[in-house]
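Order of listing sets the numbers, starting from 1, for every ligand and every atom in it.
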Amino acid sequence: MLKITFVQLDGARRDVEASAGISVMQAATRNGVAGIDAECGGACACATCHVYVDEAWRERVGPPQGGEADMLEFALEVDPDRSRLSCQITISEALDGLVVHLPAAQQ
Ligand code: FES
């Protein structure tokens with residue numbers, strides 16, 4: 001199993017285990033992580049799974065593409081350098097230990 005860490009605004013960290021091939025959003029919702037509502041179920045159509053990728057992971061995760069970049073325009077508190085929709089980040093061995101932060105609007 002791989003580890004993903006979700007960090008709340010107050011600094012509280014929640015580590016969850018996840019298998020390769022699922023999305024960061026699915027890792028959050030399956031483990032009841034607060035702040036990831038994922039209203040559209042991962043269809044890249046709601047922006048309620050918005051996260052900030054930790055600085056140390058930004059390069060490995062990469063920037064949003066195509067429809068994700070368009071949908072991010074509807075998210076609150078977007079940071080062009082680190083915002084991603086977590087349903088569009090697929091967990092792989094390369095992302096074991098990934099750290100993402102929850103925006104204040106989703107606390
Ligand atoms: S779950 Fe709706 S955009 Fe990610």
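- Remark: of the listed residues D15, N31, V100, V100 is the sole one forming a side-chain contact (heavy atoms from CB on, under 4.5 Å) with F6.
- For atom 4 (Fe) of ligand 1, the neighbouring protein N/O/S atoms at less than 2.8 Å, given as residue and atom, are C49 SG, C87 SG.
- Screening residues 84-95 for salt bridge (charged side-chain N to carboxylate O under 4.0 Å, His left out) gives E68-R84 as the qualifying pairs, with residues at least two apart or on separate chains.
- Heavy-atom minimum distance, C46 versus A38: SG-C, 4.2 Å.
- Heavy atoms from other residues, nucleotides or ligands lying under 6.0 Å from CD of E77 number more than 12.
- V16 and L102 fall within the same hydrophobic cluster, where Ile, Leu, Val, Met, Phe, Trp and Tyr residues are linked whenever their side-chain heavy atoms come under 4.5 Å apart, directly or through other members.
- Put simply, the side chain of S86 gets close to the backbone of C49: a donor and an acceptor are under 3.5 Å apart.
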